[in-house]
Amino acid sequence: MNLSYQSTRGGETGLTASQAILKGLADDGGLFMPNEIPKLDVPLEAFAGYSYQETAYRVMRLFLTDFTEEELRGCIARAYDSKFDTEEIAPLTKADGAYYLELFHGRTIAFKDMALSILPHLMIVSARKNQVKNDIVILTATSGDTGKAALAGFADVPGTRIIVFYPKGGVSRVQELQMITQKGDNTAVVSIHGNFDDAQTGVKKIFGDRAFGKQLDDAGFQLSSANSINIGRLVPQIVYYVYAYAKLVENGEIRCGDEINITVPTGNFGNILAAYIAKQMGLPVKTLLCASNDNKVLYDFFRTGVYDRRRDFVLTSSPSMDILISSNLERLIYLSAGCDAAKNRELMAELSSKGAYTVTEEMRRFMGDFYGGFATEEENAAEIRKVYEDTGYVIDTHTGVASAVYRAYVAASGDATPTVIASTASPFKFSRSVMTAIAGGQGDVDEFAIVDRLSETANLAVPQAVEEIRRADIRHTRECEIADMESVVAEILGL
């Protein structure tokens with residue numbers, strides 16, 4: 001079966017997977033979705049014997065139907081190799097009554113590596129399949145993790161340039177250092193005077209500027225995205241939920257066919273949407289717990305059916321979730337509207353013009369698989385401390401939110417379904433907040449001294465990703481106002 005892709009807003013239809021990956025964002029501002037969600041075509045019990053790489057092939061080939069087996073297996077082999085520090089790629093750790101799916105064993109110690117290790121390879125194959133002559137300019141906004149993972153993936157990849165925008169003061173110091181010390185002649189990093197939503201909106205605006213697009217084309221460039229708005233980011237994320245389920249079966253924790261719950265710390269909604277798609281493909285998932293921090297726009301949405309970004313933006317210790325406009329939610333809205341692009345377009349226009357929209361009761365029923373929860377800063381810190389004191393296991397601030405929401409859900413519902421918690425970052429990426437949660441305030445101590453304290457406390461080696469920035473030179477110092485993002489892109493590209 002050959003899938004085709006169309007925009008959630010109806011402006012483009014009939015694209016191949018490689019064409020959708022190359023474009024990233026549709027011309028009408030919509031996100032690409034397949035014309036149907038395929039079913040797993042291998043018996044679930046068979047997955048229990050597969051490596052991560054084989055699982056990736058068996059899942060991704062159902063979506064990337066214009067890739068040959070050789071092309072796709074080649075991309076997978078180059079992505080999931082020794083750059084990950086565990087053979088399993090995504091190990092499961094049982095702690096305090098839940099299963100933590102560790103998605104941070106890649107090059108930049110965050111879950112974005114799971115998709116961004118393969119996206120450059122998918123992009124290069126896609127460019128070759130479509131006879132692209134222009135250089136591809138990856139334009140990305142980040143709340144902290146996507147930026148570094150994308151930079152690491154695309155650094156010095158021939159035929160590509162990458163420009164990353166991040167909110168100044170809105171990421172952890174380790175996250176910032178990972179980006180601004182990035183090597184590569186084709187890389188650029190810019191801090192903006194605003195928050196992540198400002199950066200994301202600015203990037204989408206650049207994509208939508210037809211005149212600028214022509215100027216780029218005339219100069220031999222075309223834009224694409226490494227954000228989770230790119231279908232090439234979303235599809236690889238489905239894999240690790242299938243893999244986690246198979247591991248639970250293989251390890252005798254559940255029987256094949258038993259349901260599980262999945263809890264995901266959520267910002268831009270891509271990671272939990274991947275879990276939802278895995279369920280639609282046939283994975284036995286009961287409830288998807290959408291965990292928010294104090295920026296609880298998604299919690300309010302699932303509770304009321306009203307999505308309202310008109311609220312104060314809160315800077316928290318889980319900065320990758322400090323988001324009020326969850327771009328990937330548009331894909332779920334589109335599905336819940338029966339793939340009615342006109343209805344989805346109407347709601348997205350309301351979000352843009354009024355800052356809010358309300359879904360129908362029928363759409364809310366469609367989204368009944370989701371449970372929204374949130375954890376305050378205090379609850380997050382208390383959960384990190386509890387898990388450590390009870391088990392010796394140390395989790396980061398994003399996983400802490402998810403774990404706290406899971407625990408509150410179980411207390412309220414009595415639901416004892418085995419639960420996988422997406423552990424999205426290494427605690428070393430947020431060492432100050434983690435150590436404060438475990439041992440109290442860290443004062444003005446240097447960031448890397450706190451890293452060493454955490455290493456001693458957790459009895460874990462400092463990850464290579466942190467060691468390599470300890471003394472690295474700062475290479476990127478650009479800053480700009482939100483209104484100047486397009487002109488900065490033009491300057492970087494020499495237009």
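The figures here come from the full heavy-atom set of this structure, side chains too, leaving out hydrogens, waters and symmetry mates.
- Counted by atom type alone, Lys204 and Ser327 present one or more donor-acceptor pairs between their side chains at under 3.5 Å.
- Under 3.5 Å, the side chains of Gln6 and Tyr334 contain a donor-acceptor pair of N or O atoms.
- By the side-chain hydrogen bond (donor to acceptor under 3.5 Å, both in side chains) test, Ser336 pairs with no residue at all, sequence neighbours left out.
- Remark: the backbone N or O of Thr8 is paired with a side-chain donor or acceptor of Asn344 at under 3.5 angstrom.
- Of the possible polar contacts, one joining the Asn295 side chain to the Val314 backbone as a donor-acceptor pair under 3.5 Å is found.
- Here the side chain of Arg161 pairs a donor or acceptor atom with the backbone of Ile492 at under 3.5 angstrom.
- You'll find the ring centres of Phe430 and His398 inside the 6.0 Å limit.
- A side-chain donor-acceptor contact under 3.5 Å links Asp145 and Gln175.
- Ionic pairing of Asp96 and Lys386 is present here: one or more N-O contacts between side-chain nitrogen and carboxylate oxygen are shorter than 4.0 angstrom.
- Note on Glu346 versus Lys343: salt bridge recorded, some NZ/NE/NH1/NH2 to OD/OE distance being below 4.0 Å.
- Between the Ser352 side chain and the Met348 main chain, no donor and acceptor come within less than 3.5 Å of each other.
- In this structure, a donor-acceptor pair under 3.5 Å is present between the side chains of Thr146 and Lys112.
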For Glu479 and Ile192: C-alpha separation, side-chain torsions, deciding distance, then whether side chain to side chain contact (heavy atoms under 4.5 Å, CB included) applies.
CA-CA 6 Å; Glu479 297 184 24; Ile192 68 152; over 6 Å; no
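- Taking every heavy atom of both residues into account, Ala149 and Asp113 meet most closely at CB-OD1, 3.6 Å.
- Under the 3.5 Å distance criterion, with hydrogens and angles disregarded, no donor-acceptor pair is assigned to the side chains of Ser225 and Asn230.
- Between the side chain of Ser326 and the backbone N or O of Asn328 there is no donor-acceptor pair closer than 3.5 Å.
- Side chains of Asp66 and Asn2: no donor on one and acceptor on the other come within 3.5 Å.
- Salt bridge Arg309/Asp197: absent, no basic N to carboxylate O contact under 4.0 Å.
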What's the verdict on side chain to side chain contact (heavy atoms under 4.5 Å, CB included) for Ser191 and Arg478, showing C-alpha distance, side-chain angles and the deciding distance?
CA-CA 6 Å; Ser191 64; Arg478 278 189 181 89; over 6 Å; no
One pair to check against side chain to side chain contact (heavy atoms under 4.5 Å, CB included): Ile260 and Thr419. What are the steps and the verdict?
CA-CA 6 Å; Ile260 62 169; Thr419 298; over 6 Å; no
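- Closest non-hydrogen pair, Met281 versus Ile238, comes out as SD-CG2, 3.8 Å.
- Residues Asp28 and Arg345 are not paired through a salt bridge, judged by the lack of any N-O separation under 4.0 Å between the basic side chain and the carboxylate.
- We find that Arg255 and Asp258 are joined by a salt bridge, their nearest charged nitrogen and carboxylate oxygen being less than 4.0 Å apart.
- In this structure, a donor-acceptor pair under 3.5 Å is absent between the side chains of Gln215 and Asp209.
- Side-chain contact, Asn261 with Asp415: a donor N or O sits under 3.5 Å from an acceptor N or O.
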From CA spacing to verdict: side chain to side chain contact (heavy atoms under 4.5 Å, CB included), Leu234, Ser228:
CA-CA 6 Å; Leu234 185 60; Ser228 54; 5.7 Å; no
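- Applying the ring-ring contact (aromatic ring centres under 6.0 Å, His included) test to every pair with at least one member in residues 268-299, sequence neighbours left out, gives these pairs: Phe269-Phe370, Tyr276-Phe370, Tyr299-Phe374.
- For Phe302 and Tyr371, the gap between ring centers reaches or exceeds 6.0 Å.
- Listed for the Ser172 side chain is a donor-acceptor partner under 3.5 Å among the backbone atoms of Lys429.
- Checking side-chain atoms of Thr16 against main-chain N and O of Gln19 turns up a donor-acceptor pair under 3.5 Å.
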Kindly determine whether Tyr393 and Tyr388 satisfy ring pair (Phe, Tyr, Trp, His ring centres under 6.0 Å), including the steps that lead there.
CA-CA 5 Å; Tyr393 187 59; Tyr388 171 69; over 10 Å; no
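- Inspection of the Glu383 and Ser403 side chains reveals an N or O donor paired with an N or O acceptor under 3.5 Å.
- Judged purely by distance below 3.5 Å, without hydrogens or angles, the side chains of Ser317 and Glu377 pair a donor atom with an acceptor atom.
- The pair Arg61-Asp41 counts as a salt bridge, with a side-chain nitrogen and a carboxylate oxygen less than 4.0 angstrom apart.
- Looking only at distances, a side-chain donor or acceptor of Ser224 sits under 3.5 Å from a matching main-chain atom of Ile21.
- For the pair Glu102 (side chain) and Thr93 (backbone), a donor-acceptor distance under 3.5 Å is absent.
- When all heavy atoms of Phe104 and Ser423 are compared, the closest pair comes out as CE2-OG, 3.4 Å.
- A donor atom on one side chain and an acceptor atom on the other are not found under 3.5 Å apart for Asn195 and Asp322.
- With salt bridges taken as basic N to acidic carboxylate O contacts below 4.0 Å, none links Glu253 and Lys247.
- Legend: residues meeting side chain to side chain contact (heavy atoms under 4.5 Å, CB included) with Ala79, ordered by chain and number and at least two apart, are Ser117, Ile118, His121.
- Side chain to side chain, Asp396 and Thr399 meet the donor-acceptor criterion of an N or O pair below 3.5 Å.
- The main-chain N or O of Thr140 is never found under 3.5 Å from a side-chain atom of Asn227 such that the two would form a donor-acceptor pair.
- Taking every heavy atom of both residues into account, Cys480 and Val190 meet most closely at SG-CG1, 3.9 Å.
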